[in-house]
There are 4 protein chains.
Amino acid sequence: MTLSQPVPPLSPPAGRARRKDARPGELLVAALDVFVERGYTAARLDDIAQRAGVSKGTVYLYFKDKEELFEAVVRETLGTLVARGHAVAAGHTGTARSLLREILSYWWRDIVNDPRLSALPKLMIAEAGNFPRLALSYYQIVIEPARALLRDVLERGMRSGEFRAVATTNFVQFIIGPLLYRQCMQHSFALAVPGISLGDDQFFESFLDHLLRSLAPVAPEAAGT
Amino acid sequence: MTLSQPVPPLSPPAGRARRKDARPGELLVAALDVFVERGYTAARLDDIAQRAGVSKGTVYLYFKDKEELFEAVVRETLGTLVARGHAVAAGHTGTARSLLREILSYWWRDIVNDPRLSALPKLMIAEAGNFPRLALSYYQIVIEPARALLRDVLERGMRSGEFRAVATTNFVQFIIGPLLYRQCMQHSFALAVPGISLGDDQFFESFLDHLLRSLAPVAPEAAGT
Amino acid sequence: MTLSQPVPPLSPPAGRARRKDARPGELLVAALDVFVERGYTAARLDDIAQRAGVSKGTVYLYFKDKEELFEAVVRETLGTLVARGHAVAAGHTGTARSLLREILSYWWRDIVNDPRLSALPKLMIAEAGNFPRLALSYYQIVIEPARALLRDVLERGMRSGEFRAVATTNFVQFIIGPLLYRQCMQHSFALAVPGISLGDDQFFESFLDHLLRSLAPVAPEAAGT
Amino acid sequence: MTLSQPVPPLSPPAGRARRKDARPGELLVAALDVFVERGYTAARLDDIAQRAGVSKGTVYLYFKDKEELFEAVVRETLGTLVARGHAVAAGHTGTARSLLREILSYWWRDIVNDPRLSALPKLMIAEAGNFPRLALSYYQIVIEPARALLRDVLERGMRSGEFRAVATTNFVQFIIGPLLYRQCMQHSFALAVPGISLGDDQFFESFLDHLLRSLAPVAPEAAGT
DNA sequence: TATGAATGAGGCTTCATTCAT
DNA sequence: TATGAATGAAGCCTCATTCAT
């Protein structure tokens with residue numbers, strides 16, 4: 001079950017008795033929604049339970065506590081997506097360039113433009129400082145694997161001569177930064193600042209072009225002041 | 001840059017609570033610290049008052065409630081940042097490249113590496129969704145001016161032939177993104193994930209080089225897949 | 001002495017829930033264990049059910065609620081203790097001294113040093129205040145018969161001249177007190193206070209000697225201040 | 001402030017505003033009452049606060065949590081009494097016999113016969129197993145000091161030749177056991193079993209006589225079988 | 001202007017008990 | 001007879017806010 005795939009509408013399925021194996025999924029969907037809307041701290045277990053159509057206590061049949069519920073949400077959503085990214089990379093046989101494009105456009109399409117998934121990184125940025133356990137598991141499930149994936153792509157391109165030599169750890173942040181920035185702006189300011197510009201329709205193509213230009217093996221004649 | 005120095009009000013005080021003159025200064029410093037350390041929700045009025053050396057009740061003599069205190073902190077603090085940024089830009093006479101370097105290295109040195117100031121954008125990203133009014137004023141005071149500044153630099157370079165033609169609104173985000181990403185990682189994850197890598201010592205030079213390579217007027221023969 | 005062996009009901013089953021015949025045995029054993037380990041309030045029906053190898057709901061097929069289960073445990077368990085105590089007394093033909101020694105060493109060996117049985121009196125002390133009905137039956141089944149038994153021994157000794165004249169009701173408590181005290185300390189503090197001293201290996205012999213010295217018919221010349 | 005001395009009636013002092021230094025005492029009195037009536041776990045902070053005439057939150061201005069409140073109750077009551085016992089012993093100049101009598105009659109009068117103080121040891125026996133921190137502090141504040149006090153008395157008597165040689169650690173339990181047993185019976189069974197006999201009026205004198213006979217230096221001719 | 005004791009609503013979590021299957 | 005998923009009341013604790021002094 002992956003939350004990133006079209007999810008059955010959230011209206012509580014009316015009937016009371018449910019099957020045990022359907023519960024966790026329903027709870028995760030409800031939890032994702034509430035966490036996204038309210039933030040981790042402000043999200044109330046009550047709301048999540050209600051939205052999932054169960055009582056408060058039921059949540060605790062499936063998740064030890066609020067933190068574990070959140071962790072499960074992250075794992076099932078972003079964790080799954082990152083894992084899929086790794087699968088894509090593993091099965092890729094073309095150029096590093098095309099792999100980079102594939103991975104990033106995947107990220108762009110399925111995460112940046114998903115109103116719920118795109119909220120999670122912002123959420124983590126907001127709460128990580130106060131919930132070290134959360135921060136650590138998010139780092140292990142999402143951040144480090146995502147970075148490793150991008151490092152791998154860069155290294156492939158460097159080995160094949162498609163990319164110039166770069167410090168991958170740094171460069172990975174040049175890749176992640178703008179996309180994450182856009183996600184954060186979207187969720188933090190788009191509502192309060194209706195006219196905010198998040199770039200034009202060509203944002204993604206423009207970004208990819210930007211990266212590839214920087215990565216081009218031709219040394220520019222002047223990079224200093 | 002210190003809050004304890006009188007900072008010129010950045011915008012007409014909005015016709016709200018007034019007498020924020022003498023005592024509030026210490027309160028704002030204390031509040032900044034605590035908000036930075038804990039985040040908005042987790043920051044306790046108790047701690048702020050104690051750190052400012054006053055009693056809890058006193059806070060309410062100057063600020064209507066926690067939200068207004070938070071607003072005041074953001075407003076007073078970020079004002080100085082933008083003001084100085086504008087000054088740097090206005091006084092510059094050299095190439096667009098050198099201006100870009102100057103502005104970014106200012107940001108890098110004085111903000112990204114300042115443990116308190118660097119925390120504010122993260123704080124805003126975290127809380128903007130819950131404080132639309134604050135989000136709007138932050139956008140007007142910080143985000144839009146900062147973007148305008150960078151757009152201006154890019155346009156200068158494009159006019160002078162130093163930079164290729166780029167969609168400035170997009171490209172500005174390629175610039176802001178990585179630096180902000182680094183700030184956020186620093187404040188959200190560095191403590192909880194001790195081993196996290198934020199890049200090597202050359203991060204900033206490496207980033208500047210990356211930008212200038214992308215901006216180089218020579219069009220690479222292949223940017224597509 | 002094991003609960004899994006059929007134990008003759010000690011008192012008419014009080015006209016309450018009946019069919020406690022086949023399955024309840026395992027439940028009572030499990031309940032005894034959990035009550036002993038955790039105390040009444042902290043004992044969870046979940047744990048008891050799990051340890052008995054049944055589901056939580058099954059417990060309610062045999063016992064109306066937690067209180068009735070607790071009553072059943074106490075009733076079934078302590079019954080065997082007193083029954084055997086009476087048998088020992090009835091079959092004794094020697095001196096009062098030797099009977100006292102026999103009864104107490106039985107208590108010492110089979111109860112004080114049994115990790116489960118020794119916990120029950122502590123449990124009763126802890127909970128009697130909250131379960132008056134249980135308190136009454138425990139008094140009738142255990143306390144009063146045990147006291148009567150000891151009073152009888154003392155009276156035998158006084159009649160035979162082995163013991164001085166004592167107020168038996170008082171003296172019985174001088175006998176019971178130290179042994180019970182030890183049981184309570186064992187179960188309440190031994191775990192939390194690892195270094196606690198419960199006396200040396202000679203505790204029991206030392207105690208018996210203590211009693212017999214006090215009971216010696218020779219009146220000491222000075223007992224007052 | 002000692003709770004063992006006649007305490008001002010518990011009715012909430014009507015007036016709302018109270019002095020800060022009066023609060024802890026009022027809270028301790030209320031807490032002692034509620035703990036004694038309900039036991040530690042069943043005692044609700046709400047009840048304690050209400051009985052002290054304050055709101056729930058106020059309790060937390062003076063005590064970190066429920067455990068610390070309970071610990072304070074123990075310290076201020078039994079802890080104070082035990083400390084006073086040590087003072088009595090330190091200032092004593094007469095025989096060991098008279099000191100033993102003085103200390104025990106003090107215990108008898110001020111603790112065993114105090115309806116509230118006498119409940120605490122039972123309470124601890126009931127709860128120690130589930131609250132190790134509580135158990136440890138009770139051991140340190142009450143049990144070990146009380147035992148040390150009695151060991152000291154026994155040793156004085158042995159040195160002066162008033163008492164025979166005894167294993168003090170064992171014998172101390174012969175002293176404590178019966179008195180504690182009586183306290184426990186009083187609180188656990190007296191209400192539910194109206195007719196229960198806790199011994200006659202001479203209980204205490206009878207007990208002291210019992211101890212002194214056992215401690216008498218004259219060796220009885222027969223202590224075996 | 002300043003204090004700080006007091007308030008009390010609100011959230012997470014536990015667990016005895018129920019009931020549809 | 002047996003299950004075990006679901007319930008929901010209840011309690012501890014926090015903390016923004018108030019107010020008498």
Side-chain angles (χ1 to χ4, degrees), chain A residues 15-24 38 41-49 52-69, chain B residues 19 22-23 38 40-50 52-69, chain C residues 19 22-23 40-50 52-69, chain D residues 15-23 41-50 52-69:
Chain A
R16 192 52 51 106
R18 308 286 317 156
R19 282 293 66 69
K20 184 190 180 185
D21 40 350
R23 276 275 179 269
R38 301 266 212 285
T41 303
R44 284 174 299 156
L45 266 291
D46 256 341
D47 288 345
I48 294 172
V54 300
S55 79
K56 215 178 343 180
T58 301
V59 179
Y60 289 87
L61 295 178
Y62 300 96
F63 303 97
K64 195 176 118 286
D65 55 18
K66 200 184 184 183
E67 284 198 29
E68 201 171 84
L69 174 59
Chain B
R19 79 218 140 199
R23 191 59 50 96
R38 301 266 210 285
Y40 177 79
T41 302
R44 281 173 298 159
L45 267 291
D46 250 337
D47 290 342
I48 294 172
Q50 194 177 2
V54 301
S55 78
K56 208 174 359 174
T58 302
V59 179
Y60 286 86
L61 295 178
Y62 295 98
F63 303 97
K64 187 173 125 286
D65 55 17
K66 198 186 186 183
E67 184 173 343
E68 197 172 88
L69 172 61
Chain C
R19 76 216 143 198
R23 192 60 47 98
Y40 178 79
T41 301
R44 282 174 297 160
L45 266 291
D46 250 338
D47 290 343
I48 293 172
Q50 195 177 1
V54 300
S55 77
K56 208 175 359 172
T58 302
V59 179
Y60 287 86
L61 296 177
Y62 296 98
F63 303 97
K64 190 173 123 286
D65 54 18
K66 198 184 186 185
E67 183 171 344
E68 196 171 88
L69 173 61
Chain D
R16 190 54 49 107
R18 309 282 320 156
R19 283 293 67 69
K20 183 190 179 184
D21 42 348
R23 277 275 179 270
T41 301
R44 282 174 302 156
L45 266 292
D46 255 341
D47 288 344
I48 294 172
Q50 197 173 2
V54 300
S55 78
K56 213 181 343 179
T58 301
V59 179
Y60 290 88
L61 295 179
Y62 300 96
F63 304 96
K64 193 175 120 288
D65 56 17
K66 200 183 185 184
E67 284 199 30
E68 202 171 83
L69 173 59

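Letters A, B, ... are given to chains in the order of the sequence lines, protein chains preceding strands, and every chain is numbered from 1. As the structure is a prediction and not an experimental result, all values here were calculated from the model.
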Starting at CZ of C:Phe63 and ending at C1' of E:dT18, how long is that distance when rounded to a whole Å? 18 Å
Gap between atoms OH and P, on C:Tyr62 and E:dT17 respectively (whole Å): 18 Å
Pick the nucleotide of DNA chain F nearest each of C:Gly57 and D:Ala42; which residue has the one closer to the 5' end? C:Gly57
Closest to the 5' end of DNA chain E, once A:Asp65 and C:Asp65 are matched to their nearest nucleotides, is A:Asp65
B:Asp65 (side chain) donor-acceptor with B:Glu68 (main chain) under 3.5 angstrom: yes
Regarding the side chain of B:Val54, the nearest nucleotide among E:dT3, F:dT1, F:dA16 is E:dT3
Just do the side-chain contact (heavy atoms from CB on, under 4.5 Å) check on C:Leu45 and C:Leu69 with the steps written out, would you? CA-CA 10 Å; C:Leu45 266 291; C:Leu69 173 61; 4.3 Å; yes
Which residues pass the salt bridge (Lys or Arg N to Asp or Glu O under 4.0 Å) test with D:Lys66, sequence neighbours left out? none
Shortest non-hydrogen pair, A:Tyr62 vs A:Pro24, comes out as CD2-CG, 3.9 Å
Nearest whole angstrom, please: distance from the P of E:dA9 to the CG of D:Asp46. 11 Å
Identified stems (criterion: three or more consecutive Watson-Crick or G-U pairs, under 3.5 Å), DNA chain E: E:2-21 with F:2-21
Could you tell me the separation between the CG atom of A:Leu69 and the C1' atom of E:dT13, rounded to a whole number of Å? 14 Å
Sugar-phosphate, base or nothing in reach of D:Ala43, heavy atoms under 4.0 Å: sugar-phosphate
Tell me whether D:Asp46 contacts the main-chain N or O of D:Ala49 through its side chain, where contact means a donor paired with an acceptor under 3.5 Å. no
How would you label the contact of D:Leu61 with the nucleic acid (heavy atoms, under 4.0 Å): base, sugar-phosphate, or nothing? base
Out of F:dG11, F:dG8, F:dT3, minimum distance to the side chain of C:Thr58 belongs to F:dT3
So does D:Tyr60 get a side-chain nitrogen or oxygen closer than 4.0 Å to the phosphate oxygens (OP1/OP2) of E:dA6? no
Do B:Lys56 and F:dT17 share a donor-acceptor pair, side chain to base, under 3.5 Å? yes
For the atom pair OG (B:Ser55) and CD (B:Gln50), what is the distance rounded to the nearest 0.5 Å? 11.5 Å
side-chain contact (heavy atoms from CB on, under 4.5 Å) between D:Leu61 and D:Arg23, intermediate numbers included: CA-CA 10 Å; D:Leu61 295 179; D:Arg23 277 275 179 270; over 6 Å; no
D:Gln50 CD - E:dG8 P separation (whole Å): 12 Å
Mapping C:Leu45 and A:Lys66 onto DNA chain E by nearest heavy atom, which one lands closer to the 5' end? A:Lys66
Interatomic distance where CD belongs to B:Glu67 and C1' belongs to F:dT17 [whole Å]: 15 Å
Just the rounded figure in Å: distance from P of E:dT13 to CG of A:Asp47. 15 Å
